[in-house]
Amino acid sequence: MATSAASYAASLRQPSLKLSLSSKQSLSPLFSVSFNRKRAPPRLVIIASAAADGISSKPTVLIAEKLGQAGLDLLQEFANVDCAYNLSPEELCTKISLCDALIVRSGTKVNRDVFESSAGRLKVVGRAGVGIDNVDLAAATEFGCLVVNAPTANTVAAAEHGIALLAAMARNVAQADASVKAGKWQRNKYVGVSLVGKTLAVLGFGKVGSEVARRAKGLGMHVIAHDPYAPADRARAIGVDLVSFDEAIATADFISLHMPLTPATSKVLNDETFGKMKKGVRIINVARGGVIDEEALVRALDSGRVAQAALDVFTVEPPPADSKLVQHERVTVTPHLGASTMEAQEGVAIEIAEAVVGALKGELAATAVNAPMVPAEVLTELKPFVELAEKLGRLAVQLVAGGSGVKTVKVSYASSRAPDDLDTRLLRAMITKGLIEPISDVFVNLVNADYTAKQRGLRLTEERILLDGSPESPLEFIQVQIANVESKFASAISESGEIKVEGRVKDGVPHLTKVGSFEVDVSLEGSIILCRQVDQPGMIGKVGNILGSENVNVSFMSVGRVAPRKHAVMAIGVDEQPRKETLKKIGDVPAIEEFVFLKL
Ligand SMILES: NC(=O)c1ccc[n+]([C@@H]2O[C@H](COP(=O)([O-])OP(=O)(O)OC[C@H]3O[C@@H](n4cnc5c(N)ncnc54)[C@H](O)[C@@H]3O)[C@@H](O)[C@H]2O)c1
Ligand SMILES: O=C(O)[C@H](O)COP(=O)(O)O
């Protein structure tokens with residue numbers, strides 16, 4: 001029976017009122033960089049936490065499949081933890097709207113409906129294991145939800161299960177066991193085959209595949225592997241030859257599958273590829289059921305092309321009870337047990353709990369699946385530029401006249417560093433956030449920035465301006481130019497016709513240093529008034545007086561001019577937003593030709 005959001009909220013430790021209030025807060029801006037002063041590495045804040053209404057709420061983590069106790073303990077220190085197993089898809093969708101994080105294993109489909117139902121509150125999906133084929137990554141990215149997994153803790157367990165299936169299949173352990181239990185004693189029927197000296201082809205030479213290979217070598221097998229992306233030196237170090245797919249399947253006595261399920265690997269073992277294998281080949285699958293065309297495997301078993309198969313994973317889990325494949329006499333099956341050892345499950349639980357808590361705290365997870373990884377030391381250096389980038393984006397878009405669609409943005413990074421020594425993904429994401437958020441209700445973060453830009457038809461190109469000089473600072477300045485638009489502040493249009501703003505970091509603080517062709521210098525804090533005026537004495541005083549008399553505190557003022565007594569642009573930093581009437585008074589000063597108020 002589906003639970004309603006209200007009754008679910010009531011079932012959590014927090015009062016439902018708090019949850020419903022804070023669920024809105026969780027939608028607040030997701031992307032700023034902050035320093036935790038006690039710890040050296042900077043934190044990229046992805047998740048908004050404390051509620052701005054004064055109610056500080058712990059995040060809520062929904063655990064939809066059984067998780068080891070050590071992981072639960074870690075999560076409970078930080079969050080409200082709701083363990084709800086065997087939820088129907090409808091129940092999951094109902095609960096998710098009140099959760100900040102979701103942890104699953106392979107048994108839960110985290111599809112688009114889940115992200116849609118979360119209405120933006122879900123910020124992290126933790127997959128307690130390796131395979132993320134049950135999570136709709138495209139939808140997660142679209143909704144700005146980080147996906148993290150636990151890629152290392154179950155590697156050995158999966159490899160050991162692969163070896164267990166290999167040996168059990170070769171010696172008919174499961175079939176013989178069932179026969180003895182049925183009161184029979186069929187010693188001739190269950191004569192097996194030896195492993196020593198046989199060729200094992202490992203398809204997918206990653207973490208599990210290479211551990212299987214290492215163990216199979218210890219059993220005296222000749223091991224070959226196929227993996228288009230595996231480094232040859234890793235294979236050499238284990239004494240494994242990397243070969244083509246066709247060579248691997250044509251020469252193997254045993255084939256063990258260890259690749260992820262992707263469009264490229266889906267049904268990679270099929271009628272055609274079974275046809276290229278040695279007669280009597282034996283197949284082990286502890287990867288994903290979908291990499292085998294299961295109907296084709298039944299045909300290959302029936303024809304004798306495949307002598308035996310040992311399967312831990314299936315296209316549909318659990319497989320139908322009457323599945324010909326499962327029921328086949330020469331097939332050994334286990335119910336997706338590869339990762340199921342006590343040790344692996346404790347390890348996975350800790351690995352995923354740390355990743356989820358880290359992400360909820362705002363740290364960039366080392367196991368993020370759908371966001372670029374930015375090392376901590378790079379973040380430290382880029383922090384003020386990240387702020388500068390967002391503020392330049394915000395300023396630039398507010399200079400666009402109503403009705404002009406922003407479609408083409410050029411960002412220039414001026415630096416004396418070598419081009420490959422500057423990671424601009426974070427800066428690009430922040431500029432995108434600055435450009436999009438003031439004119440929409442979309443929240444942009446590192447996960448969804450490129451996606452959101454693409455969705456809105458915003459084309460952001462980046463270029464490097466190479467400077468001479470010392471590469472101590474990662475960047476000298478950043479320029480943001482918006483092409484093919486009108487500006488509500490004509491002076492922001494550069495000679496080449498684009499809205500142009502440029503900024504630098506001075507003493508760790510972002511500054512606006514150019515608007516159009518005018519040099520200015522105003523720290524990017526609070527808000528900014530830009531005025532173009534006839535360059536004449538007393539202008540600073542006049543505008544300053546108007547603001548002062550209205551109790552608006554001026555934090556910074558600077559004037560840039562093309563030539564004495566011609567035009568000048570005055571940039572004024574203000575702590576408070578001036579009233580409309582105050583702004584009107586500024587506009588009424590005769591020498592002021594145009595002005596604009598910009599919120600940072
Ligand atoms: N049965 C279980 O309980 C269990 C446990 C752990 C892992 N797994 C599954 O095992 C698989 C491997 O896990 P892992 O941790 O070793 O992952 P991994 O990412 O370390 O390794 C996967 C390897 O497959 C390779 N690969 C990708 N496309 C390929 C292709 N077309 N042909 C050949 N190789 C290709 C990759 O280059 C990579 O080296 C995954 O599907 C995972 O979900 C299952
Ligand atoms: O991809 C994995 O990590 C394994 O298939 C394990 O899945 P499980 O967590 O559902 O056991």
Side-chain angles (χ1 to χ4, degrees), residues 130-131 151-175 191-260 265 268-269 273-274 276-289 291-292 297 306-313 330-334 336-341 343-344:
V130 184
T152 59
N154 67 24
T155 299
V156 166
E160 287 178 350
H161 198 61
I163 295 291
L165 286 178
L166 168 77
M169 171 176 65
R171 302 304 294 271
N172 302 304
V173 171
Q175 292 85 346
V191 172
V193 291
S194 190
L195 300 178
V196 70
K198 298 282 167 54
T199 297
L200 168 70
V202 169
L203 303 186
F205 194 68
K207 293 184 291 297
V208 179
S210 45
E211 289 303 323
V212 165
R214 203 190 299 277
R215 283 158 177 74
K217 295 281 290 181
L219 295 171
M221 300 186 83
H222 170 59
V223 183
I224 55 175
H226 169 71
D227 187 327
Y229 316 107
D233 54 348
R234 178 146 51 85
R236 257 197 310 277
I238 304 180
V240 169
D241 295 329
L242 279 180
V243 298
S244 68
F245 178 78
D246 280 353
E247 186 180 342
I249 61 167
T251 48
D253 302 300
F254 292 81
I255 295 175
S256 194
L257 297 163
H258 300 289
M259 65 264 273
T265 62
V268 69
L269 298 196
T273 52
F274 283 127
K276 292 179 179 171
M277 293 176 193
K278 265 189 186 174
K279 191 163 168 48
V281 67
R282 290 174 165 82
I283 313 279
I284 304 107
N285 189 6
V286 292
R288 281 293 178 269
V291 300
I292 299 180
L297 177 55
V306 173
Q308 288 182 296
L311 310 170
D312 184 45
V313 284
R330 281 180 280 123
V331 174
T332 302
V333 287
T334 50
H336 202 147
L337 290 181
S340 295
T341 63
E343 297 83 353

Exam field: side chain Ser210 to backbone Arg234, donor-acceptor pair closer than 3.5 Å: no
Determine yes or no for a side-chain-to-main-chain donor-acceptor pair under 3.5 angstrom, with Asn172 supplying the side chain and Gln175 the backbone. no
Would you say the side chains of His161 and Thr334 form a donor-acceptor pair under 3.5 Å? yes
Any side-chain donor-acceptor pair under 3.5 Å between Gln308 and Arg282? yes
Separation of [Y] [atom2] from [X] [atom1] (nearest 0.5 Å):
{"X": "Ile249", "Y": "Phe274", "atom1": "CD1", "atom2": "CZ", "result": "9.0 Å"}
{"X": "Leu195", "Y": "Asp253", "atom1": "CG", "atom2": "CG", "result": "10.0 Å"}
{"X": "Ile255", "Y": "Lys278", "atom1": "CD1", "atom2": "NZ", "result": "10.0 Å"}
{"X": "Asn154", "Y": "Glu343", "atom1": "CG", "atom2": "CD", "result": "12.5 Å"}

Heavy-atom count around Arg171 CZ within 6.0 Å, excluding the residue itself: above 12? no
Is the closest basic N to carboxylate O distance between Glu211 and Arg215 below 4.0 Å? yes
Non-hydrogen side-chain atoms of [X] and [Y] separated by less than 4.5 Å:
{"X": "Ile224", "Y": "Phe205", "result": "no"}
{"X": "Arg288", "Y": "Pro260", "result": "no"}
{"X": "Lys279", "Y": "Val281", "result": "no"}
{"X": "Asp227", "Y": "Met259", "result": "no"}
{"X": "Leu219", "Y": "Ile163", "result": "yes"}

Applying side-chain contact (heavy atoms from CB on, under 4.5 Å), run through Leu297 and Leu311 and close with a yes or a no. CA-CA 11 Å; Leu297 177 55; Leu311 310 170; 4.2 Å; yes
side-chain contact (heavy atoms from CB on, under 4.5 Å) between Leu269 and Ile283, intermediate numbers included: CA-CA 10 Å; Leu269 298 196; Ile283 313 279; 4.1 Å; yes
Do you know the tightest heavy-atom contact between Asp312 and Gly338? OD2-N, 2.9 Å
Smallest separation among heavy atoms of Ala339 and Ala344, with atom names: O-CB, 3.4 Å
Could you walk me through whether Ser256 and Leu166 pass the side-chain contact (heavy atoms from CB on, under 4.5 Å) check? CA-CA 8 Å; Ser256 194; Leu166 168 77; over 6 Å; no
